[in-house]
Amino acid sequence: MATRQKDLECAEEVIVSQTLNLHSISFHLSEPTSICYQETENSMHLNISKQDLSHFSRLVSLLLTIKMECLRNLEFHNVEWELKQVKNLGGVLENNSSIKQLVFRRNIFDVECLSELSDMLKNNVEIKEIMLSESSIGSVGASLLASALKVNTSLEELQIWEDSIGSKGAEELSKMIEVNSTLKLLIVFDSKTFTASPLISAVLARNRSMEVHIWSGNVNQASYKVVEFVPDNSTLRLYQADISGACRISVALGWNSTVRSLDLTGIRLKSRWARDFRWVLEQNRTLKEVNLSKTSLKDKGVVYVAAGIFKNRSLERLNLHGNCFGGVGIEHLLCPLSRFSSLQFQANTTLKSVTFGGRKTKIGRDGLASIMQMLTTNETLTSMGVYDDESLRPQDVMKIFKCLERNASLRRLSLQGCKGVQGEMVLQSIEETLQINPWIEEIDLARTPLQNAGKTEKIYQRLGQSEEIEPEIDMLKDMNMTEPKSCRVFICGQEYAGKTTLCDSIYQNIPTQKLAYSDHVRTLVKPVEQAITTMGLKIRNIEDEGIKLSIWNLAGQHEFYALHDLMFPGHGSASCFFVVSSLYRKPSNKELKTPIEVEEDIHYWLRFIVSNSKRAVQQCMLPNVTVVLTHFDKVNQQSQEFIAIVGAIQRLRDKFQSYIEFYPTVFTVDARSTASVSKLTQHLRKTSKTILERVPRVYELCNDLIQILSDWRSENQNKTAMKWKEFRELCQIKVPMLRIRSRLDNKEKVEMRRKAIATCLHHIGEVIYFDELEFLILDCEWFCCEVLNPMIKLDVRKQKATETEGFIMTKELERSLRGSMQSQIFGTGSKVFDNLEVDDLVKMMMKLELCYEQDPSNPNSPLLIPSILEDGRGKTQRWPVNTSDCVYAGRHLECDDSSHIFLTPGFFPRLQVHLYNKIKELKNQHGATYSLEKYLISICINGIYVRIELGGQLGHYLDVLACSTNNLTETLRLFKQLIIPAIQNLCQGVSLNENVLRSECVRSLTPPRFRRNQFVNLQLLKEALLSVPADTMYDYQHTWDSVSDSGRVILNAGFDFARDLLSEDDFRDVLNRRYHDLYNLAVELQVPMGNNTDALEHHSSTSEETTIDPTFAGIAKGVEIVLQRLKIIEQELKDIKQEIQGLRYYEHKLLTELHQKVNYLVNYNIQVEERKVPNMFYFVKTENYSRRLVTTMLSGMAALRLHMLCEFRGEMHVVEDQIGCEVMQVDNKAVIYLAPYMKKFMKLLTFALKIGAHLVAGMGEMIPDLSREVVHLAHSPLVYGAAGAAAAGVLGVAGAGAATTGVLGAAGAGAAAAGVLGVAAVGRGAVQDRSVGSRDFQQDLRAAQQWVLDYLREKRCSSGKDIAEKFDLLRVRYYDNGQIAWICRRHMYTRRNEIVEVPL
């Protein structure tokens, strides 16, 4: 007993003397024995037994009298508090402002003590942290703490552990959170989970930056977290919640701005919660990610979520996999991410990633169709995942990948665990998609049958992915990057432009540097060779202040143009262009070029630069171009010719300013004078440094290897090519970073590093290297000049008879190259085959698609080199077959922007090789023939003869012609599946417009110059079919103009049926688009679907190959097969006719419904002024002796005329020869009254045009292109709803329809005018709650009518006689319903039995 008292007395002495500089004091009561000990250097632990409880009061009282500057923390364990002790504690806190933390563990407080503790916290401004653990404060204590913290402004952390504060306590704490803005951390461990909802809701509703952790669990159960919110990463995660709590939390997110990520994985949610969450998505502007995986959401819940996505503008990632919805839910989910018309806006453009699927999700036909529509039309989604799906079949997966061929935005597609991803057909479909779509970066096929079968490795290799544990990026991440030290300068220009002389002058202007051995040799030989000729590519390397300038002098002779594409920089390499043009035709004479000639010279090279830059994989900056004019010393600067040339160059700069970065100064130089070229040289040095700072960085080892490779060449007799084995040895010896240090090193990793460095050197133009080839070309000039150039100049006519139609044997090729490479100067000939084997050369040429082998399986197969083909356009052209049953089809592929872009001279030779390789890859190409001429490809495959011709000045279009004994659909499918994809794959970055050629031009092989205008755009032709009545669509005729030459008729005027120009696939596409447009209109007008409006089904028939034996039985079998196919075709024609009849029936229903709504609009306010003036009016503006319909009302408009429409029910129309009433000027008041009317006028007019209704007869050319006028209505609330996403498709056809007189049919822009006044607000079932919509509609119409009435009174035109005189309308009443209308005199006569005139 004495010992215990002594310990406590010692503790008192330490506290009084403050010798230990205490930071923390911990009191533990009800212990077996009393003891005091020092836990750490600055903390004291006091155990006080039940017998010594009085010492606790004494110690608290002692602390009250002493001010301890260093004390930070007080802890109380197992204390049963009395009121006096709590008051003393308050005094201690008031006296010691340094105390920041209070901890109460297993304490007991009565109500008075809790009240005193609450009062103490109200007045304290120093305490930062309070923790109450197992102290049974209950709801009363929580309420008292809440009342204190409403006032307290210093507390930052509050923890309540293993206590039950109840719903009342939680509500009081939530009220405190709404007031308190200083609390930073709240941790509550409660036995009931419902305490979490009010707390977290208050935090979210008030946008508090408070970290919240709510735990729950009973005594006999493991504890678990209910909810957590971490402001640092803005993530809210719910682990447990009932439906009411989840709803309360979601509602609090509506105006929240602190949560970026919401995770509700595993919580069972219902449609009630989803309905509230829809409002959250519509209102919230900061939520970026929502995870609703495995939440048991069904179709109804997903529909609510999808409705919120329509208006959401912030959400980027949405995860819905593992739920229970089906095709309906998927259809609504993907609707805001899809477009149903080319003129429609995509409702949501911010959502970048979406996932769905699961074993309980049934995608079905509707879901699959929605997925396909989204993938085809979406332009913003970058990631989509379908997980663990069991409903998709392999055929469905193939359709999905087929739709991906045209998607340019999706980067990642995951089909994890999908059972339908299996079989060779699916694998082939994926590979075909990857061949066409270059944008897909990742396809995840984990846990699919295809991966389980080990067939995905090829796909991952194609994508650049790896299934190895160590990914490629990790193998290269420690390789340092740096600014490149090498820049290429391309000197472009026609021959005789002075490019070589200019290069010499630039070289002399730069201070002399130490030259490599090869450059020394070339410097000595160069003057002698120049005395003979300057042919092909020349490269000059210059060292300038640590930067290597590589000047590439491109060959100006036309025969070398086909090689220029191979030299164009890609992958963001440092380069610039000097476009050089001589002011004289030839330097030896004095003929000055005309401005047109100079402009054509420069124009070609600008188009070449732009066209190739579009194909570049990475374009980090616009091509840098400087224009240089040579032979300036011979020109009079003041002459009109020179001024005109300067103006022509300026026009080119203005034309290409969006495609090329021009240097503002045009350099005019005398290429022979170093002084004249000095400023150009300074510009070159400065520009190269600027470009090196802007381009992407390269591996640091590249700059080192440039010098190492140069030294290696000097040590090895200036070898121009290096075997890959030699490169490996060089890296092992000279480059530590690329060295294998021990046998335990990862050899694959080192090899990958070496290949990455070699590829980087290839991109910056230092070497030529391809991964498949086992060598590097170290001298680009040598390869281009002494390997490729001689092949271009090969004269096939001198070869033996074994070489025909461009084919040449490998040995003969080697012999020819050896002969052509012999220099006319002794000792300077090329040694190509000392560095490369013939097989290596052939592999390189095939890799560059410069040639192909006739038979790859034959080692002695002849090679075809397109560049040496002869031009056969002078020969007589005819089809191999020409019978009455032949089908002729043609497509004209033209560059979208031919004034800036063209198919470069190297394109067509590569296409000849590329297309041959594609045909050889086909499985059903047996018996296919393939022949070439210089500008022609001839193919025969499966009975279809195809000609591909290059045409146009500088080759900006291709004509694909076909003659076939098969039907038109099979012929055009060959175009779609083989020919056109191969062309587009080779000209990536260059857009080609597809046009339909006149069949007669194809049949007679009309020369290209006569068929330049004998084609029509494919999409415009489809739009024309959409604009005509459905029952005449199959008989639509496209007319052709005649073609004559010098008065001689080449082609007579004529026409072709659309069915002879388009395939069945095209017609089905048109029918589907027409049906969907009509369906969306029906939804908009509330027309019920009948039995004749079933959705059109996509179906395609595939015919299997059947072999017919050459016997009587075989012939009989063949006849039977032909009869079966004829029956199939006949049935397909009947199906199409039935579809057309169904569409016409549907259009009739739409027209009837539209008239009913217009009649309502005309007569709804029959009592207003007793219809003293007509209701339906429009404005016309007179311009250039023509009248145009006014679509937008603006203040200040003048010279308008007001016209009225005949309002006879169901037959509204424009009154011909109507005088109208002049409107001198539109003021602001008129705009206020008429603007809503005019806006809605446009909408119903568009509806009328869309369904081909005869509602606009008489307007004729007055109707403008309405596409821009009504496109903004896609965002109008009138088009929201079930057809919301497709409504813009309804709007977009107005312009196209208005251009066709036949569509404008017969009757009433008036219907259009008035009907727009509320299509969505009137009619049966339009809106159940009409209080708002109807009121707005009536106000707009009443305001517009009142303005017309006042205006006519002002013009003294308010009597019936005046209206009849100016508008030719009479006031009548219908016998059957007593309604009043203003009608024309024709209706007055023809319908006199239905009406009676009621004059004013």
Any residue meeting side chain to side chain contact (heavy atoms under 4.5 Å, CB included) with R268, in chain and number order, not counting sequence neighbours: S296
Contact check, side chains of F229 and E211, non-hydrogen atoms, under 4.5 Å: no
Residues E178 and R208 bridged, charged N to O under 4.0 Å: no
Option among V354, T349, L334, L375 that satisfies the side chain to side chain contact (heavy atoms under 4.5 Å, CB included) test with L381: V354
NZ/K270: more than 12 non-hydrogen atoms of other groups inside 6.0 Å: no
Within-4.5 Å side-chain heavy-atom neighbours: V226 and W215: no
From T195 atom OG1 to L173 atom CG, the distance as rounded to the nearest 0.5 Å: 9.5 Å
Parallel, tilted or perpendicular, as decided by the 30° and 60° cut-offs, for the rings of Y387 and H321: perpendicular
NZ/NE/NH1/NH2 to OD/OE distance under 4.0 Å, K168 and E172: no
Donor + acceptor pair across side chains of N319, T355 (<3.5 Å): yes
Ion pair K184/E156, N-O distance below 4.0 Å: no
Closest heavy-atom pair and its distance - C247, R272: SG-NE, 3.8 Å
L149/I177 under side chain to side chain contact (heavy atoms under 4.5 Å, CB included): CA gap, chis, key distance, verdict: CA-CA 9 Å; L149 295 181; I177 293 172; over 6 Å; no
Main-chain N/O of G326 paired with D299 side-chain donor or acceptor, under 3.5 Å: yes
Distance (rounded to the nearest 0.5 Å) between N207 CG and S257 OG: 3.5 Å
Flag side-chain contact, heavy atom, 4.5 Å: F277 against V251: no
Shortest non-hydrogen separation from F340 to C335 and the atoms involved: CE1-SG, 4.2 Å
Minimal non-hydrogen separation, A196 against V227, with atom names: CB-CG1, 3.8 Å
K128 atom NZ, over 12 foreign heavy atoms within 6.0 Å: yes
Shortest non-hydrogen contact between W273 and S250, atoms and distance: NE1-CB, 3.4 Å
Side chain to side chain contact (heavy atoms under 4.5 Å, CB included) evaluation trace for L264 with N291: CA-CA 6 Å; L264 301 178; N291 192 340; over 6 Å; no
D190 side chain to I165 backbone, donor-acceptor under 3.5 Å: yes
S118 side chain to L114 backbone, donor-acceptor under 3.5 Å: no
Sub-4.5 Å side-chain heavy-atom contact between T286 and T258: no
Intermediate values then yes/no, salt bridge (Lys or Arg N to Asp or Glu O under 4.0 Å), R278 and E282: CA-CA 6 Å; R278 169 190 176 176; E282 292 175 350; 3.1 Å; yes
Beyond-backbone contact of L183 with L185, side-chain heavy atoms, under 4.5 angstrom: no
Candidate pair I200 and L238, rule side chain to side chain contact (heavy atoms under 4.5 Å, CB included), full reasoning: CA-CA 10 Å; I200 194 64; L238 265 68; 5.7 Å; no
Donor-acceptor pair, side chain of T376 and main chain of M372, under 3.5 angstrom: yes
Exercise: identify the closest heavy-atom pair between G169 and A142: CA-CB, 3.8 Å
Qualifying salt bridge (charged side-chain N to carboxylate O under 4.0 Å, His left out) pairs, either residue in residues 144-153, two or more places apart: none
Interatomic distance, I309 atom CD1 to L333 atom CG [nearest 0.5 angstrom]: 5.5 Å
Minimum-distance pair of heavy atoms, taken over all atoms of L204 and N256: O-ND2, 2.7 Å
Salt bridge (charged side-chain N to carboxylate O under 4.0 Å, His left out) contacts touching residues 229-239 (sequence neighbours left out): R237-D263
L445 backbone acceptor or donor facing T448 side chain under 3.5 Å: yes
Passing option when D388 is tested against K419, R447, Q416 for side chain to side chain donor-acceptor pair (under 3.5 Å): R447
Donor-acceptor contact present, side-chain R317 to main-chain L315, <3.5 Å: no
4.5 Å side-chain heavy-atom contact, E441 and R412: yes
Spacing of L351 atom CG and L281 atom CG [to the nearest 0.5 Å]: 10.0 Å
Stepwise side chain to side chain contact (heavy atoms under 4.5 Å, CB included) check, L318 with F356: CA-CA 9 Å; L318 176 62; F356 51 89; over 6 Å; no
Within-4.5 Å side-chain heavy-atom neighbours: S391 and I363: yes
Any donor-acceptor N/O pair, Q373 side chain to R339 backbone, under 3.5 Å: yes
Exam field: side chain S174 to backbone E171, donor-acceptor pair closer than 3.5 Å: yes
Residues T295 and N323: side-chain donor-acceptor under 3.5 angstrom: yes
Side-chain donor-acceptor pair present, Q346, S338, cut-off under 3.5 Å: no
T235 side chain vs S261 backbone, donor-acceptor pair below 3.5 Å: no
Test item: Y224 and S216 side chains (from C-beta on) under 4.5 Å apart, heavy atoms: yes
Reported CD1-to-CD distance for the pair I137 and E134, which is rounded to 0.5 angstrom: 12.5 Å
Interatomic distance, L145 atom CG to M176 atom CE [nearest 0.5 angstrom]: 8.0 Å
Intermediate values then yes/no, salt bridge (Lys or Arg N to Asp or Glu O under 4.0 Å), R248 and D276: CA-CA 9 Å; R248 180 171 180 176; D276 294 337; over 6 Å; no
Name of the residue among R359, K360, K362 meeting salt bridge (charged side-chain N to carboxylate O under 4.0 Å, His left out) with E390: R359
